[in-house]
There are 2 protein chains.
Amino acid sequence: MPQTAPTPWATLGPASINQGQCPVRDVLDHIGDKWTALIVLTLKSSPSRFSALHRAVPDISKRMLTQSLRNLERDGLLSRHVFPTKPPAVEYRLTPMGQSFLRHLESLVAWAEENHPAVREARLRFEAANDEG
Amino acid sequence: MPQTAPTPWATLGPASINQGQCPVRDVLDHIGDKWTALIVLTLKSSPSRFSALHRAVPDISKRMLTQSLRNLERDGLLSRHVFPTKPPAVEYRLTPMGQSFLRHLESLVAWAEENHPAVREARLRFEAANDEG
DNA sequence: CGGAATCCAGCAAGATACTG
DNA sequence: CAGTATCTTGCTGGATTCCG
């Protein structure tokens with residue numbers, strides 16, 4: 001028998017097509033985009049209001065902040081709480097699932113920080129090997 | 001004193017600008033793109049030749065495969081070995097750093113698979129809450 | 001304050017064809 | 001077999017403006 005490899009990505013494809021079909025794509029699409037991971041990391045210590053997040057995450061636009069927050073809320077990684085004050089206040093906080101995701105994110109960040117020097121060295125070597133010519 | 005938060009992303013920015021400056025971006029840029037993570041996962045069990053990878057990763061084009069492999073090689077996550085046979089054979093294998101990265105990737109995949117059902121439920125609830133109008 | 005709507009540039013990536 | 005080269009497109013995300 002042909003030893004069918006247990007591919008984890010099953011029905012991979014153009015990401016947008018198999019929305020919700022492939023778990024790998026589902027998680028990769030999250031940390032892949034520009035801001036989502038940063039927002040999750042920012043929400044680690046405490047829940048935050050929209051404007052606080054806007055200040056905390058450098059250079060993000062309100063548009064992208066809104067969009068990323070919606071996606072995270074949609075997937076159940078964070079919850080949104082509206083306080084009907086005047087002007088309104090909206091608080092975002094990680095759900096338990098969001099917190100469990102955060103832990104994996106942090107371990108990845110830790111890896112990045114540990115290996116960053118090695119990566120930079122590798123890059124220099126690679127450039128050097130391809131430049132002389 | 002204003003308790004300057006220890007942001008892990010330091011000099012974040014348009015990704016392309018701070019190439020090699022921000023560790024978080026560095027790692028996110030890798031797993032963020034469409035194919036890199038899948039290639040690393042595929043190389044887990046054994047080194048592979050170009051065409052084997054091309055078959056193993058569904059729907060990837062030769063162009064993107066080449067590009068992703070180059071990036072991974074550049075960063076020292078995998079190594080490329082050319083056998084000067086005729087026709088040539090090229091083998092790709094994870095470096096030790098690549099393997100350590102793979103472990104984090106796998107734990108992320110595991111998380112994705114565990115929580116996929118919950119994510120899908122959350123999505124359904126979210127849609128339901130926004131559809132009735 | 002917390003968004004939504006619109007417009008637009010740039011890049012990632014697909015399709016296709018060619019090469020040593 | 002293992003790529004490279006070129007063209008083209010779709011989506012991501014930035015800038016700006018407006019709203020309850």
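Chain A is the first sequence line, chain B the second, and so forth, proteins listed ahead of strands; every chain is numbered from 1.
- Rounded to the nearest 0.5 Å, atoms CD (A:Q67) and OG (A:S61) are 8.5 Å apart.
- When heavy atoms are screened at a 4.0 angstrom cut-off, B:F83 is found touching no nucleic acid atom at all.
- Rounding to the nearest 0.5 Å gives a distance of 12.0 Å between CE of A:M97 and CD of B:E114.
- Listed pair B:R70 / D:dT4 meets the phosphate criterion, a side-chain N or O lying under 4.0 Å from OP1 or OP2.
- If you measure from atom CD1 of A:I31 to atom C1' of D:dT12, you get 17 Å, rounded to the nearest angstrom.
- Listed nucleotides D:dG3, D:dG14, C:dA4 differ in distance to B:F50; the shortest reach to its side chain belongs to D:dG3.
- The terminal axes of the helix from C:dC1-D:dG20 to C:dG20-D:dC1, fitted over 5 pairs per end, subtend an angle of 50° to the nearest 10°.
- The side chain of B:K34 lies closest to C:dA13 when the candidates are D:dG3, C:dA13, D:dC1.
- Nucleotide D:dC1 holds its C1' atom 13 Å from the NZ atom of B:K86, rounded to whole Å.
- Counting only heavy atoms from C-beta on, A:M64 has its side chain closest to D:dG13 among C:dA4, D:dG13, C:dA13.
- The side chain of B:R63 has C:dA15 as its nearest neighbour among C:dA15, D:dG14, D:dC1.
- Under 3.5 Å, the side chain of A:K62 and the base of C:dG3 form at least one donor-acceptor pair of N or O atoms.
- With the nearest nucleotide of DNA chain D identified for both A:D33 and A:P88, A:D33 has the one nearer the 5' end.
- One can place CD1 of B:I60 at 12 Å from P of D:dG3, the figure rounded to the nearest angstrom.
- Put simply, B:S51 has a side-chain N or O that comes within less than 4.0 Å of OP1 or OP2 on D:dA2.
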Between B:F126 and A:D75, is the side chain to side chain contact (heavy atoms under 4.5 Å, CB included) condition met? List the steps.
CA-CA 8 Å; B:F126 188 84; A:D75 286 8; over 6 Å; no
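- Considering only heavy atoms from C-beta on, A:R25 comes within 4.5 Å of B:L38 through its side chain.
- With rounding to whole Å, A:H54 atom NE2 is found 12 Å from C:dG3 atom P.
- Note on A:Y92: a side-chain N or O is less than 4.0 Å away from OP1 or OP2 of C:dG3.
- A chain of hydrophobic side-chain contacts below 4.5 Å, direct or via other Ile, Leu, Val, Met, Phe, Trp or Tyr residues, connects A:L72 to A:V82.
- Two residues are said to be in side-chain contact when any heavy atoms from C-beta on lie closer than 4.5 Å; A:N115 and B:F101 fail this criterion.
- Within the structure, every side-chain polar atom (N or O) of A:R80 is placed at least 4.0 Å from both OP1 and OP2 of C:dG2.
- When rounded to the nearest whole Å, the span between CD of A:E73 and C1' of C:dG3 equals 13 Å.
- The line from CG of B:L78 to CZ of B:R93 is 11.0 Å long, rounded to the nearest 0.5 Å.
- D:dT6 atom C1' lies 14 Å from atom CD of B:Q67, rounded to whole Å.
- Here C:dA12 presents its C1' atom at 12 Å from CH2 of B:W35, a figure rounded to the nearest Å.
- Atom pair B:D29:CG and C:dC11:P shows a separation of 14 Å (rounding to whole Å applied).
- For the pair B:L28 and A:A37, the tightest heavy-atom approach, listed with the atom from each and the gap, is CD2-CB, 3.7 Å.
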